[in-house]
Structure formats: C-alpha cells, structure tokens
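These notes are about the structure you will find just below.
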There are 2 protein chains.
Amino acid sequence: MTKANVRKSPEQTQQQVLSATLQLFTQKGYFNTSVRDIARESQVSIGSIYHHFKDKEGVASAMYNGLLERMTETLEDVQRGNSSAHDRCRAVIEILFKVTEDEPQVMEFMMYSKHREFLPDEKPICSAQPFVLMREMVAQGIESGEIQDLDLMVASSCLYGGAIRMITSRLDGIIEKSLLEYVDSVWSCSWRSIAANK
Amino acid sequence: MTKANVRKSPEQTQQQVLSATLQLFTQKGYFNTSVRDIARESQVSIGSIYHHFKDKEGVASAMYNGLLERMTETLEDVQRGNSSAHDRCRAVIEILFKVTEDEPQVMEFMMYSKHREFLPDEKPICSAQPFVLMREMVAQGIESGEIQDLDLMVASSCLYGGAIRMITSRLDGIIEKSLLEYVDSVWSCSWRSIAANK
DNA sequence: GTCTATACGACGATAGAC
DNA sequence: GTCTATCGTCGTATAGAC
C-alpha cells in the first residue's frame with residue numbers, strides 16, 4: 001500500500017513517453033521539443049523520463065528503432081505472403097500508403113526527418129533494414145527476369161520513387177485525397193518503368 | 001581614412017556569411033549551428049551578422065530564398081531552351097544531377113532539410129517555385145499528348161521520383177559513382193513510366 | 001557598418017527526498 | 001520507480017564604443 005500508490009507498469013510509462021514524443025517530434029521537430037514538453041504531454045515526470053531513457057537522444061533512439069523494427073516485421077510479412085517480385089513490391093507500396101493514412105506521424109518520422117541531425121550514430125535511413133528489404137525484393141525480381149537487368153539502385157529508385165514522392169506530398173498537405181485512391185495508377189506507372197518486356 | 005578602414009563591401013560581407021552558413025547548416029544542421037559558429041567561419045562578427053540579417057532565422061531565410069531563386073532561373077532556362085515536354089523534363093533531371101555533383105551542399109539544403117522546423121512561415125518546398133515549374137512541364141506534356149492523361153501529382157511523382165531518390169541516395173553516400181553516369185538509364189525508366197503509347 | 005562585452009532566458013541533466 | 005527542485009551551460013540577441 002505504501003509503495004504501489006501508482007498502478008502504472010514500467011512498460012506503460014515508457015509507452016506513454018514514446019507516444020507523446022512521436023506526436024511532439026513530428027509536430028515541432030526534435031530540437032523544438034524540450035524534455036519538459038515531453039514530460040507535460042506524457043504525464044510522466046522529467047525524473048522518470050531520465051530514469052527510463054539515458055537522455056533526450058535516448059528517447060529519440062528508442063522510438064526510431066522501435067518504429068524501424070515494426071516496419072521491418074510488416075515488410076517480412078509482405079515477403080512471406082507473396083511469391084513474385086511484382087506482387088511483393090506492389091504490396092509494399094500499398095502498405096506504405098496505408099500507414100501514411102492511418103498513422104501519418106509514424107511515416108513522417110520514419111521517412112521525412114533528418115535523423116542524422118539528432119542521432120549522429122545511426123546509419124542513414126536508406127541503409128536501414130526496411131529499405132534493404134525493399135531493395136532485396138527488387139534484386140530477386142531482376143534475378144527471376146521479371147524486372148529489367150538494371151543497376152539495383154536505379155531499379156529500386158524508379159520503382160519506389162514515385163510512391164515515396166506521393167507520400168511526402170501527402171504529408172506536406174499538397175495531396176488532399178487518401179493515397180489509397182492512387183495505388184492503382186501509381187503502381188501501374190512504377191511497374192511499367194522497370195518491368196522486363198514480357 | 002577614419003571611416004573606411006575595412007575594404008569589404010556590404011554585399012561581400014553578406015555573401016561571406018551566407019556561404020559559411022550553407023557549409024555549416026549542411027554539415028551539422030540548423031539547430032546544431034550557433035550564430036557564434038557562423039561568425040567564426042565567415043570571419044564576420046556577431047554584431048555585423050545581426051546588423052545585416054534580422055536574426056538567425058533571417059540568415060536561413062535569405063539563404064533559402066536565394067537558392068530557390070537561382071534554381072528557378074536555371075529551370076526557366078531549361079524551359080526556354082527546349083520545346084517538348086520530353087526534352088524539358090530530361091534536361092531538368094540532368095541539371096539536378098549536375099548540381100548534386102557540383103554543389104552537393106546546395107542540393108542537400110534545398111531538397112533534404114526540414115525547412116519547416118526552422119522556417120515555419122515558408123511554404124513546404126514542393127509548393128515552391130522550382131517544383132511548380134517542374135510540374136507545369138509535366139502538365140504541358142499531358143496537354144500535348146506526349147504524356148498519359150494521369151492525375152498531375154501522380155504523373156509528376158512518377159516522372160521525377162526516381163531521379164529524386166537517386167539524388168538523396170547519392171547525398172547519403174550509398175551511391176558511389178557520379179550521378180551523371182546514371183542519367184540515361186534513370187531517364188529511360190522515368191519516361192517509360194508515364195509516356196503515352198506513341 | 002563593424003566590433004566586443006554582456007544580459008537574459010531556456011535547456012539538458014542531476015540530486016536527493018519519498 | 002517516481003517525483004520536485006535546482007545547477008550549470010550555452011545560445012540568441014542587444015548595447016554601446018569606435
């Protein structure tokens with residue numbers, strides 16, 4: 001009775017902090033967000049934040065790696081659930097559009113922040129696991145003959161580049177309708193750009 | 001003799017500041033760069049910097065708008081120097097690759113920083129003049145029948161998206177060769193993705 | 001116009017009680 | 001594990017001499 005006056009589990013506390021942090025970082029950016037802001041929004045005291053995370057950078061790092069991991073699992077599901085490069089890559093674009101619509105902050109933080117400015121020890125995002133997986137799908141398509149025998153970076157950039165620009169445009173507010181309405185037309189352009197001639 | 005003890009023109013002083021600022025912002029980011037840093041690197045005192053620019057944000061703003069203007073002029077040249085959408089858009093991609101190779105900091109600052117975090121009053125970059133021009137070229141191509149009758153955002157994203165990803169990958173160091181070696185293959189993919197069927 | 005010195009506030013991080 | 005109060009640092013911006 002003396003100790004357990006608060007019913008929050010440690011995991012719950014951490015999750016509250018990470019959730020508030022995601023909101024704040026995507027709204028105002030890392031440097032415009034103070035640890036005090038995080039404490040206020042998450043209803044967790046500064047002391048507790050520093051107890052659970054080494055420092056402010058530690059909060060950002062935990063969040064970043066958590067989101068990368070989630071995204072990696074999603075992409076692994078896509079890989080398992082489809083057999084051809086064509087179907088896999090299309091499913092990837094559909095999933096990315098879906099996440100953009102359902103959790104725009106997640107997409108914003110993953111694809112659209114300059115992590116190196118506040119996480120100097122992380123690899124650039126395009127070297128991170130999800131992007132590696134996306135390129136692997138393209139590589140398999142080249143091997144199987146579905147995709148033209150292009151340089152891997154060229155093929156990946158052309159296949160995913162259009163979709164990624166649609167995502168950033170949507171996050172910037174210059175596309176008003178849901179991205180899901182554009183899946184078909186974007187995909188048919190993207191695939192045509194690199195598909196082997198039958 | 002009493003007044004003119006320094007032979008620098010005001011324009012030169014401003015240019016020194018802007019040049020040092022571009023280096024610092026692309027190396028360390030806006031928030032990791034202090035006005036003291038700018039003063040040291042540009043050999044201009046803090047007082048003079050605040051005399052010429054309203055504040056730190058003013059320095060960033062002057063630099064950003066200057067670069068946007070330069071880029072706009074370049075694209076207007078491209079527009080005048082070519083007649084078909086095909087030739088114009090190809091020339092745009094070639095110019096963007098060239099700038100990336102010759103002045104990577106310019107490209108980095110223009111396309112790859114989160115301006116809204118430190119220039120909250122600026123429009124998102126994809127609404128800025130150079131991007132508008134790029135989309136206009138696509139719109140003309142749709143009108144003339146060179147390009148399929150797609151949604152303008154879809155067509156622009158697919159046409160330029162591959163090239164833009166090549167640029168960011170190059171800036172991130174995951175492409176080692178000069179982008180100029182990739183112009184032909186990127187362009188043939190990009191154009192194929194949206195070209196009308198003859 | 002250019003400079004140096006300084007005021008002022010905010011932030012990250014810690015100490016230490018509970 | 002959680003909290004409040006506080007410390008020291010650093011960054012922006014200004015004042016005022018030249």
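Predicted model only: the values in this text are computed from it and were never measured. A, B, ... follow the sequence lines: proteins, then strands. Residue 1 opens every chain.
A donor-acceptor contact shorter than 3.5 Å links the side chain of A:T26 to the backbone of A:L22. Of the possible donor and acceptor atoms, one in the side chain of A:D151 sits under 3.5 Å from a partner among the backbone N and O of A:M153.
The CD atom of A:Q43 sits 12 Å away from the P atom of D:dT4 (whole-angstrom rounding). Atom CZ of B:R40 is separated from atom P of C:dT4 by 14 Å (rounded to the nearest Å). Protein atom NE2 of A:H52 is 17 Å distant from nucleotide atom P of C:dA13, rounded to whole Å. One interatomic measurement links the two molecules: CD1 of A:I46 to P of D:dC7, which rounds to 15 Å at whole-angstrom precision. In this structure, the CZ atom of B:F53 is 18 Å from the C1' atom of D:dT14, given to the nearest Å. What separates NZ of B:K54 from P of D:dA13 is a distance of 8 Å, to the nearest Å.
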For nucleotides 8-12 of chain C, give me every protein contact, N/O to N/O, under 3.5 Å, one pair per line with atom names.
{"unit_1": "C:dG12", "atom_1": "OP1", "unit_2": "A:K56", "atom_2": "NZ", "d": "2.8"}
{"unit_1": "C:dG12", "atom_1": "OP2", "unit_2": "A:V35", "atom_2": "N", "d": "2.9"}
{"unit_1": "C:dG12", "atom_1": "N7", "unit_2": "A:R36", "atom_2": "NH1", "d": "3.2"}
{"unit_1": "C:dG12", "atom_1": "O6", "unit_2": "A:R36", "atom_2": "NH2", "d": "3.4"}

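The side chain of A:S45 sits closest to D:dT2 out of C:dA13, D:dT2, C:dT2.
Note on ring orientation: taking the six-membered ring where Trp is involved, the planes of B:W191 and B:W187 are parallel (angle under 30°, cut-offs 30° and 60°). Ring pair B:F109/B:Y64 is perpendicular by interplanar angle, where above 60° counts as perpendicular and below 30° as parallel.
Atoms CE and OG1, on A:M107 and A:T168 in that order, are 10.0 Å from each other to the nearest 0.5 Å.
The phosphate of C:dC3 (OP1 or OP2) has no side-chain N or O of B:H51 nearer than 4.0 angstrom. For A:S48 and D:dC3, the shortest distance from a side-chain N or O to OP1 or OP2 is below 4.0 Å.
Residues that satisfy the salt bridge (Lys or Arg N to Asp or Glu O under 4.0 Å) test with B:E117, not counting sequence neighbours, are absent from this structure.
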